[in-house]
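What follows is one structure encoded as structure tokens, with my remarks underneath.
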Amino acid sequence: MTSILQQITSVLSDNKAYLPTNYKLPESISIGSAVTIVCATTLGLLTLKYHDRALFSEKPKGAPFHGGIPLFGSLFEQIKFKDTIHDGTLYLMEKYDTMTFGMTILGLPAMVITNDPDNVEYILKTNFSNYIKGRESYEMLEDLFGHGIFSADGEKWRWQRKSASLIFNVVNFRDHFSQIFIKEFAVMTKNIFDKKALNGKPIDFHDVIYKYTLDSFVDIGFGKQINSLLCKEKVPFAQSFDICQRNCSDRFIDPFTDLYDSLKPITHPGTMRIKDHIKVIDDFAYTLIRERREQITQGGEYKDLLSRFMNAKNEHDELLNDKELRDTILNFIIAGRDTTAQALSWAFYLLMNHPRVEEKLLDEINQYFPNDHKELNAPEYYDLIKKLTYAHAVFYETLRLYPSVPSNGKIALTDDILPDGTHVKKGELVQWVPYAMGRSTKIWGADAKDFIPERWISKDGSLKREPAGRWPAFHAGPRICPGQNLATLEALIAMTLLLKRYKFKLVPGQNIMYETSLTCPMKEGMNVTVEYRQK
Ligand code: HEM
């Protein structure tokens, strides 16, 4: 008892400045009261010290600080504005008239949020070795992505990157990938858009394009036809994959995410929990692996992504086990399916809202593809696609306004100072938000929020590519997206073929908005009507 009292006395006397001048310590005290006083005092002192930020976090030096409430920092604000989180970052940048600010959230490392192109280039390229994905990122993504390339660091990342790079070569692009994209396009038109053009009923464009990129990518990467374009409903794997992805993203925002899930049997009886969705996803991936192993025993030979990884060695110089292959498959599906489907959906959303751009793009398409695409073989198509300057500009401009990875971050390994003078401490999270960067008037000028593909075309008519620090849509440095050419090829094939054949119109009365997730999907999809284009 005495010792507790002594401790309280010592805490209080160490912090005299915070005590009322006429305060007197009691002579004797019960254990219960002592514990209450200790807790209350400790809490009071912590509240005073961390009055505008999360517990045990520090404000960064050299940049404005967005304060929050005592001990929790901006946790509840972040949860409240979760649905518009990327716009929230843009709002704070404009409010503080800054490109970098600090923020703290209980349960996460202190954050430096920067949209400064020089800082972004520095983190991704110049001082790449000091910024890693880190343990936090791995833990939040683990159940879905395991040790796959997106959350891996060091040697674990390096061998995955090397193995993947083997499939991204020109011969594959010209002869193999283009052919698959054109083949799946034919399935999509025949089974979906042609029917809608004839019966006039609306269709969710976002959902159809997701199926298109899923079928194409699973064929390219893993040599399997899953024919989701032939299913009316969403395929169970895709549904569970989307739910788990959203759940991973929620963990970065709301530390109670896993608690809500564990309470589902009470709050939402009869609904699937995350572990049930993971089981659906695992079944999908393990079936692909099992089937491939059987095909190889029967003498089958493959050169796709899956077989590259089956022949690869991990950081311990061992062949990959099924769990490592499962992680690889899922990491590549998010890379290959979601990003491109979203870019295409947002591109069509913007085109439908900007008839001038749509007309100009159509003129370019008709100039290079005056006849029906069926007359061309895949390599010819590939060569022509590369010449479409304006179509590339439309694609890049879409990714400026709706980057498929709208927000991203890395953990600092050691103390550092960013090019704009902001201090970063070891263990802090440095975040950049391509969505907010794309709309920043400081980076893109007064018309930053407008859709103007011409900004990607130089005076001599050639295509401009912006420095990655300004436009990190495909990341930069050693971890730059290895699939960017594949994505561009797929998006441009689909965009040209679809625009040439159909006129899409938005069904009125929809609120087209992004959903906060690891990537940038449309929250409620996008309903359109379809008409054949007049020849
Ligand atoms: C519009 C389409 C795409 C966009 C905007 C895009 C963008 C990005 C971005 C921003 C990253 C960095 C993510 C991070 O920090 O972890 C990334 C990484 C990656 N992307 Fe893409 N991507 C697209 C399509 C693709 C496609 C089709 C593939 C094909 C497989 C692909 C494969 C990858 C891989 C493997 C990585 C990890 C690279 C590494 O960590 O070393 N991406 N991509």
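Since we're looking at a predicted model, the values are computed, not measured. Both counts, for ligands and for their atoms, begin at 1 and track the order of listing.
- Using a cutoff of 4.0 Å between basic side-chain nitrogens and carboxylate oxygens, Glu466 and Arg455 are not scored as salt-bridged.
- Salt-bridge check for Asp116 with Arg470: failed, with every basic side-chain N at 4.0 Å or more from each acidic carboxylate O.
- The nearest protein atom to atom 2 (C) of ligand 1, hydrogens excluded, is given as Ala487 CB, 3.4 Å; this is a heavy-atom distance.
- Salt-bridge formation is not detected for the pair Arg326/Asp322: no Lys NZ or Arg NE/NH1/NH2 atom is positioned less than 4.0 Å from an Asp or Glu carboxylate oxygen.
- Looking at atom 18 (C) of ligand 1, its nearest protein heavy atom turns out to be Phe150 CE2, 3.6 Å.
- The nearest protein atom to atom 40 (O) of ligand 1, hydrogens excluded, is given as Arg479 NE, 2.9 Å; this is a heavy-atom distance.
- Residue Val405 has at least one heavy-atom neighbour below 4.0 Å for each of these atoms of ligand 1: 9 (C), 10 (C).
- The residues Asp219 and Lys224 are annotated as not salt-bridged, no charged nitrogen and carboxylate oxygen being separated by less than 4.0 angstrom.
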Checking side-chain hydrogen bond (donor to acceptor under 3.5 Å, both in side chains) for the pair Gln431/Ser407: CA distance, chi angles, key distance, verdict? CA-CA 7 Å; Gln431 231 190 338; Ser407 171; 3.2 Å; yes

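- When hydrogens are left out, the protein atom nearest atom 11 (C) of ligand 1 is His475 CB, 4.0 Å; that is the closest non-hydrogen contact.
- By heavy-atom distance, the residue among Ala335, Cys481, Pro482 lying nearest atom 36 (C) of ligand 1 is Pro482.
- Of the polar atoms of Asn408, at least one N or O is found under 3.5 Å from an N or O of ligand 1, judged by distance alone.
- Residue pairs meeting the ring-ring contact (aromatic ring centres under 6.0 Å, His included) criterion with at least one member in residues 483-502, sequence neighbours excluded: Phe193-Tyr502, Tyr502-Phe504, Tyr502-Tyr532.
- Using a non-hydrogen distance threshold of 4.0 Å, Lys133 registers as a contact of ligand 1.
- For the 3.5 Å distance criterion, the side chains of Tyr138 and His147 qualify, holding a donor opposite an acceptor.
- Neither the backbone nor the side chain of Ala491 has a heavy atom within less than 4.0 Å of ligand 1.
- In this structure, atom 4 (C) of ligand 1 lies nearest to the protein heavy atom Phe474 CE2, 3.4 Å.
- Between Asp83 and Lys523, at least one side-chain N (NZ, or NE/NH1/NH2) sits under 4.0 Å from a carboxylate O, which counts as a salt bridge.
- Nearest protein heavy-atom contact of atom 28 (C) of ligand 1 is Gly483 CA, 3.6 Å.
- In terms of protein heavy atoms, atom 10 (C) of ligand 1 is closest to Ala473 O, 3.2 Å.
- Residue Phe332 holds its CZ atom at 16.0 Å from CZ of Arg337, rounded to the nearest 0.5 Å.
- None of Asp420, Asn130, Asn127 except one satisfies the side-chain hydrogen bond (donor to acceptor under 3.5 Å, both in side chains) rule with Tyr122; the exception is Asn127.
- Ala164 does not count as a contact of ligand 1, since none of its heavy atoms falls under 4.0 Å from the ligand.
- Among all protein heavy atoms, the one lying closest to atom 24 (C) of ligand 1 is Thr339 OG1, 3.2 Å.
- In Arg161, the part holding a heavy atom less than 4.0 Å from any atom of ligand 1 is the side chain.
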